[in-house]
Amino acid sequence: ESAITRPKGYTVSFHCNPDMEKHHFGMTHPMKPWRLTLSKSLIYSYGMSFAMDNYIARAATYEELADFHSTDYLDFLGTVLPEPVPRDLENQNPDLRFNLGGSDCPLFEGLYDYCSLSAGGALDAARKICYKQSDIAIAWGGGLHHAKKAEASGFCYINDIVVAILQLLRFHPRVLYIDIDVHHGDGVEEAFFSTDRVMTVSFHKYDPNNFFPGTGALDDNGPKNEQNPGAHHAVNVPLNDGITDEQYDMLFNTIVGRIVERFRPTAIALQCGADSLAGDRLGRFNLQVQGHGACVEFCKKMNLPLILFGGGGYTPRNVARAWTYETSIAIGCQEKISPMLPQHAPWRQQFRQDTLFPTLEQILGEPRQNRNPQKRLQDIVQHVTEQLRFVQA
Ligand code: ZLV
Ligand code: CA
Ligand code: ZN
């Protein structure tokens with residue numbers, strides 16, 4: 001086995017901050033910032049740090065966050081304190097402002113630091129892309145796609161993706177945002193509803209009554225009125241439980257391929273939420289590490305400046321596997337790394353199986369029933385193809 005070396009001809013940068021990872025949302029909360037530590041430890045165990053430029057992310061400044069967020073919201077976020085007594089489980093009286101302090105978006109110690117470090121990493125990544133100092137920039141601590149201008153939502157307080165894309169737009173005429181988290185990327189979609197310089201596409205589990213956030217139907221494509229240049233620039237791919245690698249890759253390659261052809265982005269921002277993997281605590285799909293990673297591989301092949309963000313992911317061992325494999329794809333060493341986890345990896349017992357690519361049977365016992373008939377997927381491709389006729393680069 002030979003050492004992992006730098007890819008010739010291009011640069012991958014890696015942006016993270018250990019201070020972000022030590023925060024706690026609360027014992028029963030599914031979001032575990034510690035999964036970032038586990039991911040990094042596996043990435044480093046494979047020796048990949050030697051093939052990247054590694055940066056400690058700084059905290060984003062108030063002014064940078066205010067590019068998207070309202071100052072009322074930021075001021076409140078900067079002053080709220082953790083609740084002295086945890087609220088009752090059912091969250092009967094969400095009396096706080098901006099959707100803060102409920103059970104999805106609890107107030108915890110160091111909340112503002114956590115948010116500004118996540119956004120700082122995303123911004124550092126965006127600047128590396130803008131100044132052409134990286135070809136692929138990785139910010140696994142970012143990807144918090146639900147946060148709104150003046151509202152926290154779904155475990156997200158600050159929308160680091162929007163802030164990073166706003167930075168990209170200072171240098172890039174057109175940015176394509178792609179979201180493979182199992183949840184709809186509603187916050188990013190809404191932020192760019194009225195511009196034709198950002199096209200957003202989210203693949204997600206869609207069930208308006210039973211799955212968060214309930215938005216992202218196939219025909220929700222941005223406000224359609226004569227004056228809105230952003231009309232038709234939101235693509236939604238609503239899916240059902242149990243989708244497989246083969247189906248997902250067919251959809252992803254066809255849809256993203258056609259969007260790139262039509263919209264001609266000059267940069268791509270890919271949210272790699274790992275809750276779309278089989279066995280995720282909140283997810284519903286049957287995706288394996290290979291299928292999730294194939295999306296990153298396809299984007300890399302487009303040969304455009306690329307940012308990789310994290311996002312959801314609630315079974316830490318699977319998050320770490322996916323983001324490790326995807327880091328190897330960014331570097332181009334995916335064929336070189338061993339599918340067996342390194343012997344010396346810390347936290348090795350966390351992983352249960354000693355492979356980077358556990359089978360569905362290993363992950364789940366019994367795979368989840370696939371509720372995505374081929375006909376429905378064809379209809380989705382057809383709708384998107386027709387939608388793209390309205391898009392002009
Ligand atoms: O992965 O939550 O369903 C990016 C991301 O996309 C809800 N929240 C809200 C709407 C009304 N509810 C219920 C509130 C539940 C509060 C606590 C949980 C606690 C334990 C286990 C699961 C959950 C939970 N919460 C599961 N799904 C939710 C969603 C929010 C999902 C956010 C996904 C974020 C980082
Ligand atoms: Ca999504
Ligand atoms: Zn999610």
Side-chain angles (χ1 to χ4, degrees), residues 20 23-33 35-36 86-94 99-108 114-115 118-119 122 139-148 151-162 176-190 200-218 220 234-240 243 248 251-252 255-256 269-277 279-285 287 292 295 309-316 318-319 322-323 380:
M20 182 186 169
H23 292 90
H24 294 278
F25 280 63
M27 282 236 293
T28 58
H29 199 286
M31 177 58 96
K32 311 269 178 221
R35 73 210 169 110
L36 295 165
R87 196 178 298 278
D88 56 309
L89 278 176
E90 293 304 315
N91 186 25
Q92 291 303 329
N93 80 51
N99 195 31
L100 286 165
S103 38
D104 270 350
C105 302
L107 301 175
F108 54 83
Y114 166 82
C115 296
S118 158
W140 295 135
L144 306 178
H145 59 177
H146 298 304
K148 311 286 154 55
E151 197 185 297
S153 170
F155 320 162
C156 306
Y157 305 82
I158 290 291
N159 202 315
D160 59 284
I161 305 168
V162 172
L176 172 59
Y177 172 69
I178 309 169
D179 185 317
I180 60 171
D181 190 288
V182 76
H183 299 98
H184 177 224
D186 57 350
V188 183
E189 179 185 273
E190 183 184 296
T200 62
V201 49
S202 174
F203 297 78
H204 46 267
K205 152 89 183 164
Y206 177 67
D207 180 347
N209 301 314
N210 296 307
F211 198 73
F212 187 86
T215 49
L218 184 58
D220 287 345
V235 172
N236 280 304
V237 183
L239 302 168
N240 276 311
I243 194 166
Y248 200 92
L251 272 178
F252 189 92
I255 289 173
V256 173
L270 175 61
Q271 195 267 21
C272 302
D275 48 5
S276 43
L277 293 169
D280 187 82
R281 182 172 160 196
L282 300 195
R284 309 289 186 88
F285 293 166
L287 295 189
H292 202 268
C295 301
F309 298 98
Y314 306 100
T315 302
N318 295 338
V319 178
W323 292 349
I380 292 174

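Note that ligands are numbered from 1 as they come in the structure, with each ligand's atoms numbered from 1 the same way.
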- How about H183 and F211: are their ring centres within less than 6.0 Å of each other?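 That pair passes the under 6.0 Å test.
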- Centroid-to-centroid, Y248 to F203, below 6.0 Å?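 Between Y248 and F203, the centre distance is under 6.0 Å.
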- Query: How are the rings of H29 and F155 set relative to one another: parallel (under 30°), tilted (30 to 60°) or perpendicular (over 60°)?
  - Reply: perpendicular
Within ligand 1, which atoms have a heavy atom of [X] less than 4.0 Å away?
{"X": "H145", "value": "4 (C), 5 (C), 6 (O)"}
{"X": "M31", "value": "35 (C)"}
{"X": "G312", "value": "1 (O), 4 (C), 35 (C)"}
{"X": "G154", "value": "32 (C), 33 (C), 34 (C)"}

Can an N or O of [X] be found at a distance shorter than 3.5 Å from an N or O of ligand 1?
{"X": "R281", "result": "no"}
{"X": "Y314", "result": "yes"}
{"X": "H146", "result": "yes"}
{"X": "T28", "result": "no"}

- Item | Name, closest N/O/S atom of D275 to the Zn ion (ligand 3) | OD2
- Shortest-distance N/O/S atom, D181 versus the Zn ion (ligand 3):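 Among the N, O or S atoms of D181, the one closest to the Zn ion (ligand 3) is OD1.
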- Message: Heavy atoms only, cut-off 4.0 Å: how does V182 contact ligand 1, side chain, backbone, both, or neither?
- Response: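 Answer for V182: neither.
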- Among the N/O/S atoms of H183, select the one at the shortest distance from the Ca ion (ligand 2) and name it.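 Nearest to the Ca ion (ligand 2) within H183's N, O and S set: O.
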- Task: Provide the atom name of the closest N, O or S atom of D179 relative to the Ca ion (ligand 2).
- Result: OD1
- Message: Using modelled atom types and a 3.5 Å cut-off, is there a donor and acceptor pairing between side-chain atoms of N99 and backbone atoms of E151?
- Response: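 Side chain of N99 to backbone of E151, a donor-acceptor pair under 3.5 Å: no, none is there.
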- Task: Might you check, step by step, whether the distance between atom 11 (C) of ligand 1 and some protein heavy atom is under 4.0 Å?
- Result: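 Not a single protein heavy atom is under 4.0 Å away.
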- In this structure, which one of D179, I255, I180, L218 forms a side chain to side chain contact (heavy atoms under 4.5 Å, CB included) with V237? I255
